[in-house]
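Reminder, nothing fancy here: chain letters follow the sequence lines and each chain counts from 1.
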Amino acid sequence: GQSLEQPSEVTAVEGAIVQINCTYQTSGFYGLSWYQQHDGGAPTFLSYNGLDGLEETGRFSSFLSRSDSYGYLLLQELQMKDSASYFCAMRDDKIIFGKGTRLHILP
Amino acid sequence: GAVVSQHPSRVICKSGTSVKIECRSLDFQATTMFWYRQFPKKSLMLMATSNEGSKATYEQGVEKDKFLINHASLTLSTLTVTSAHPEDSSFYICSASRASGSYEQYFGPGTRLTVT
């Protein structure tokens with residue numbers, strides 16, 4: 001079957017760095033995406049990894065290891081506005097979302 | 001960027017009535033649109049995939065006669081919740097992709113449905 005596992009909650013301090021891990025299981029795999037969702041809002045696309053390695057977009061980076069069926073989202077220089085839920089999602093013939101990680105940021 | 005709109009943003013209806021939710025891609029043609037349902041503090045559950053001009057593909061456990069999906073054009077998909085019941089109350093979100101197989105989806109702002 002298909003599944004994604006990510007921590008339900010993570011807490012970090014403003015200005016720090018936080019890593020949100022995601023492991024997946026699927027028979028067919030094309031890539032791993034990350035989405036951010038604030039309470040009451042719609043998900044917004046953050047990044048995509050189709051190949052192994054690190055993708056950097058400003059303060060956010062995402063990493064993928066196909067051999068380990070593992071990826072992570074790295075958020076640097078955390079700001080209070082980064083408090084949100086973060087979903088990893090994998091694509092085979094459709095996009096399947098993980099259950100989301102709620103990021104709490106302490107001042 | 002790519003903009004997807006949804007209408008209405010909120011709707012309250014009585015049990016037994018039907019509700020239609022529209023999803024539009026405003027500045028691009030969406031070959032594929034997706035409909036999700038999300039419960040509070042939970043993940044997005046894919047309900048169905050709709051391709052313009054063809055029947056929607058429903059996920060296992062989703063009643064196609066209850067959740068009618070129509071994708072009449074490259075910019076519009078509609079979800080109709082028929083004979084709504086309180087358990088249908090949820091946040092419904094659509095998304096669209098520019099091309100089949102695209103990894104990036106653009107989400108609408110969602111529709112909060114409350115069935116009384």
Exercise. Are the side chain of B:Tyr106 and the backbone N or O of A:Phe45 linked by a donor-acceptor pair below 3.5 Å?
Worked result: no
Exercise. Considering only heavy atoms from C-beta outward, does the side chain of B:Phe107 approach that of A:Gln37 to under 4.5 Å?
Worked result: no
Exercise. Is it true that atom CD of A:Gln19 has more than 12 heavy atoms of other residues, nucleotides or ligands lying nearer than 6.0 Å?
Worked result: yes
Exercise. Which residues satisfy the side-chain contact (heavy atoms from CB on, under 4.5 Å) test with A:Glu56, sequence neighbours excluded?
Worked result: A:Leu54, A:Ser61
Problem set entry | Side chain, backbone, both or neither of B:Ile93 within contact of chain A (heavy atoms, under 4.5 Å) | side chain
Exercise. For A:Phe97, is it the side chain, the backbone, both, or neither that has a heavy atom closer than 4.5 Å to a heavy atom of chain B?
Worked result: both
Problem set entry | Sequence neighbours excluded, every pair satisfying disulfide (SG to SG under 2.5 Å) that has a member inside residues 36-70 of chain A | none
Exercise. In terms of heavy-atom pairs under 4.5 Å, which option from B:Arg112, B:Lys42, B:Gln38 contacts chain A the most?
Worked result: B:Gln38
Exercise. Taking all non-hydrogen atoms of both residues, which atom of B:Pro109 and which atom of A:Ala42 are closest, and how far apart?
Worked result: CA-CB, 3.8 Å
For this session: Report, as yes or no, whether the 6.0 Å neighbourhood of atom CD1 on B:Ile12 holds more than 12 heavy atoms from other residues, nucleotides or ligands.
Result: no
Problem set entry | Residue among A:Ser33, A:Pro43, A:Gly40 with most heavy-atom pairs under 4.5 Å to chain B | A:Pro43
Problem set entry | Check: A:Gly98 main-chain N/O paired with B:Ser43 side-chain donor or acceptor under 3.5 Å | yes
Exercise. By a 4.5 Å heavy-atom criterion (distance strictly below it), what part of A:Ser85 contacts chain B: side chain, backbone, both, or neither?
Worked result: neither
Exercise. What about A:Phe60 and A:Leu78, same hydrophobic cluster or not, with Ile/Leu/Val/Met/Phe/Trp/Tyr joined at side-chain heavy-atom distances under 4.5 Å?
Worked result: yes
Exercise. Based on non-hydrogen pairs under 4.5 Å, which of B:Met45, B:Gln6, B:Glu59 is most in contact with chain A?
Worked result: B:Glu59
Exercise. Would you say B:Lys64 has more than 12 foreign heavy atoms packed within less than 6.0 Å of its NZ?
Worked result: no
Problem set entry | Enclosure of B:His85 NE2 (heavy-atom neighbours >12, cutoff 6.0 Å) | yes
